[in-house]
Structures are given as C-alpha cells and as structure tokens.
Student: 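Got a structure for you, written out below as structure tokens; questions coming shortly.
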Amino acid sequence: MERLRHDDPTRIGPYATLARLDSESAERTVPERRYLARTAPDGERTALVCVPRVGADPSRWAIEAEGARRLSVPGFLTIAEVGGSAGFPWYTAPYTPVLPLPAALAAYGGPLPEDTVRSLGAALARTLAAAHAHGATHAGLSPAAVLLTPTGPLLASFGATRAELTGHAPGCLPPERSTGTPPDPAGDIYALGAVLAYAATGHTVPDHTELPPGLRHLTAACLARDPANRPASAHDVLRELATPAASRGPAQPSPGAAPARDPRLPATASLAPAPLPAVTVLDHAGSVPLPLPGRVVAALATQSGALLAAELPVSSQPFAVSTQKAH
C-alpha cells in the first residue's frame, strides 16, 4: 500500500482512490495500475480497482478484463465489474488484504522459505490446472500477478502477454512467444517456473546455485527453452510440489521428450523421474490457506488497518473524459 502520486487518478468511476497497491520500484513489472479505493461519497464498498498503464492499448486491456470477468476459476482474482469508457476502462475486484509477491518478499526481508515456496507453487499449479482443464490459458503469470491474501494466493493480470501489454517481468515470457507462438499452457508452465525462482531467490532468472536444492530440478524443467522439455501439465508440477520430501523426484516432461537439464548441472546429474503417488487437482480443494511467514501476515494486517482508517477525499473529480453532451 503506497501513497498516491500527483499523476494518479483521484476518482475511477464511482470509486475514490485511497492508495496504490504497488510500490514505485515494482511498478515497471506490473502490466496495469492497481489502486485500493472506496465508493464515494457513501464509502460503503472497498475494492481493488485496476486501469491500463499509460500508453497501453485500452481496448485490448478491456477485452482481457472482460474475459477474466466471465471466467470462474478458483484461484483467479474475481472480477466484480468492468466499466469506464473506450479510452479509460477499469475493473474492480472485492477487497481483501492483499500483497503482490514482490511486496511480500519486501515485507519478509528477502526470499521466502522453501516450504512456503513449495506451498505457493502448489497452489498456483492447482489454479493453472483448473484453468487449463477449462480451456483457458492465463497468459500473464509473473511475480506481480501473484497476490497473497489471508485465504491463499490469487492470480491477477489475466491475458497480459496475450494483449501484449507492457510491464511484464523479465524472465517470465516464454521464449516461443518471440516467434509468434500463441499463448498456451506450456507458456504458463514456463512463467510458473519463473515465479517459483523469484519467490525462492528474489530473481526470475537466478543462478542455478541460488535455488534451494529441493527446487532446482523442477524449476529447471519449467524453464526449459523447448516447451516439449517442460512438465507436460500444471498437474504434473502440482504432483511434484505436493509429493512428500522422502519420495520427491524431478518433474516429468512431455511424453517422448528428453528430460530437461540445466547446462550448469554436472554431467552425471540424473534427471530420471522417480515414481510419484497419484495426485489430482481436487485432492487439495479443501486445503488450509497458504502458511505465510509472520512478517508477511503482519504486513497484510497493517494494510487492512491503514485502509480502514483512511478517509475519503473531501472532493475528487472522475479521472475520465466526460461523455455528457454540451447544450
């Protein structure tokens, strides 16, 4: 939660903006501008309100926002309404205390513990598996798209790369996108690998030795340049992350593909998959919320308290071109 700047809108539709969700340092890796806001003048509803970045194509952004609103995927940010004009669209999501993943690392003071990263990755893989099962590709996964809440992580920024929005984090865009390959589940797997790397090291493209040993094989597999060498599905990533430590093995690539191998590994390092117990997407549907470090929980509580205490501006003007006809 950050103070508004002079160039931030004071009003978006019926909402008065109170604060920015993202810090200025993280803003360059966020494909949209995100605000904490409250309805004015009644102050009855608090929401996360998002608008396109300056210079972005508002029509393409609005198409993806409407697409996200129509989706019903557990773990995706719920879009409550899409509004505005063709030149200044916006959407809202119900407010809950929320920290983008970069803010969570800042609150914690560095990379998250490996067990937290594994739990986070499993939750995200579960969400992607459900989306892919419905024929939807997220196409916008990045650290900033991961929102940590008291009840578990949510995925935002749906369709950011599909709409070719600027502000995508380096290292999260799958290599095949540079050749014009449309977004697909394999691209989501690649981006998930970058998010795992970021949560564990603070970088989307870390040195192999920076990663915890228990995440090196899986992360390398997800980040394989050849999509055929990545885990065959988000379900396979979930199975690997949900496997007990004693029986963990590397993620399995697509059928018939060579095992993914990080070139920095010793030549004798084996990536042969170990037998894994069967895990389904629904096995963890009723699981407990993601266990968060105390400092991250404290940051969520601080945000909630500050927003509760925030007062509506005395006067604010809508940040949009008026459509009222002149007489």
Side-chain angles (χ1 to χ4, degrees), residues 29 75 100-102 104-105 111-132 137-146 148 153 155 157 160-161 168-178 181 183-243 248-254 257-265 269 271 273 276 279 290:
T29 61
L101 186 55
L105 265 66
L112 299 176
E114 181 178 350
D115 284 348
T116 301
V117 176
R118 295 187 72 89
S119 296
L120 171 63
L124 298 179
R126 192 176 305 120
T127 294
L128 291 177
H132 296 166
T137 301
H138 185 274
L141 183 55
S142 70
V146 178
L148 302 187
L155 276 181
S157 303
T161 61
H168 206 59
C172 293
L173 193 66
E176 61 269 20
R177 289 289 288 135
S178 63
T181 301
D184 62 5
D188 280 351
I189 298 296
Y190 184 93
L192 177 58
V195 168
L196 287 172
Y198 179 86
T201 69
H203 313 288
T204 53
V205 190
D207 184 87
H208 183 70
T209 58
E210 291 182 80
L211 289 162
L215 290 171
R216 289 176 185 172
H217 285 286
L218 176 61
T219 304
C222 290
L223 292 175
R225 294 191 62 82
D226 184 348
N229 287 337
R230 297 172 198 157
S233 69
H235 181 271
D236 288 344
V237 178
L238 170 60
R239 182 176 61 167
E240 167 70 9
L241 290 168
T243 301
R248 282 175 193 160
Q252 298 185 32
S254 302
R261 180 180 180 279
D262 191 296
R264 288 166 290 198
L265 287 173
L271 289 180
L276 297 174
V279 178
L290 174 70

Student: Looking at every non-hydrogen atom in both residues, tell me the closest pair between T209 and R216 and how far apart they are.
Tutor: O-NH2, 3.3 Å
Student: Hey, does I189 have a side-chain heavy atom less than 4.5 Å from the side chain of D236?
Tutor: no
Student: At their closest point, which heavy atom of P143 faces which heavy atom of T204, and how far apart are they?
Tutor: CG-CG2, 3.8 Å
Student: Find out whether R230 and P174 are in side-chain contact, i.e. whether some heavy atom of one side chain is under 4.5 Å from a heavy atom of the other.
Tutor: yes
Student: Show, in sequence, the C-alpha distance, side-chain angles and deciding distance for L148 and L120, and conclude whether the side chain to side chain contact (heavy atoms under 4.5 Å, CB included) test is met.
Tutor: CA-CA 9 Å; L148 302 187; L120 171 63; 3.8 Å; yes
Student: Working to the nearest 0.5 Å, report the span between SG of C222 and NE2 of H217.
Tutor: 13.0 Å
Student: Keeping the roles fixed (side chain from S119, backbone from T116), state whether a donor-acceptor pair exists under 3.5 Å.
Tutor: no
Student: Do L196 and L124 make a side-chain contact, defined as non-hydrogen atoms from C-beta onward lying under 4.5 Å apart?
Tutor: no
Student: Return the CG to SG distance between D188 and C172, rounded to the nearest 0.5 Å.
Tutor: 11.5 Å
Student: Got a donor-acceptor contact below 3.5 angstrom from the R118 side chain to the G214 backbone?
Tutor: yes
Student: What are the two closest non-hydrogen atoms of A122 and L238, and how far apart are they?
Tutor: O-CD1, 3.5 Å
Student: Has H203 got a side-chain atom pairing as donor or acceptor with V205's backbone, closer than 3.5 angstrom?
Tutor: no
Student: Taking only residues two or more places apart in sequence, or in another chain, which ones meet P185 in a side chain to side chain contact (heavy atoms under 4.5 Å, CB included)?
Tutor: H132, T137
Student: Let me see the working for V117 and L241 under side chain to side chain contact (heavy atoms under 4.5 Å, CB included), right down to the final yes or no.
Tutor: CA-CA 9 Å; V117 176; L241 290 168; over 6 Å; no
Student: Is P227 close to Y190 at the side-chain level, that is, under 4.5 Å between some pair of heavy atoms?
Tutor: no
Student: Which pair of heavy atoms, one from P175 and one from R225, lies closest together, and at what distance?
Tutor: CB-NH2, 3.5 Å
Student: How long is the gap from CG on L141 to CG on L173, to the nearest 0.5 Å?
Tutor: 11.5 Å
Student: Do L128 and V237 have side-chain heavy atoms sitting under 4.5 Å apart?
Tutor: no
Student: Which heavy-atom pair separates P111 from G202 by the least distance, and what is that distance?
Tutor: CG-N, 4.1 Å
Student: Can you name the nearest heavy-atom pair linking V146 to P153, along with the distance?
Tutor: CG1-CB, 4.4 Å
Student: Do T201 and D207 come close enough that some side-chain heavy atom pair is under 4.5 Å?
Tutor: no
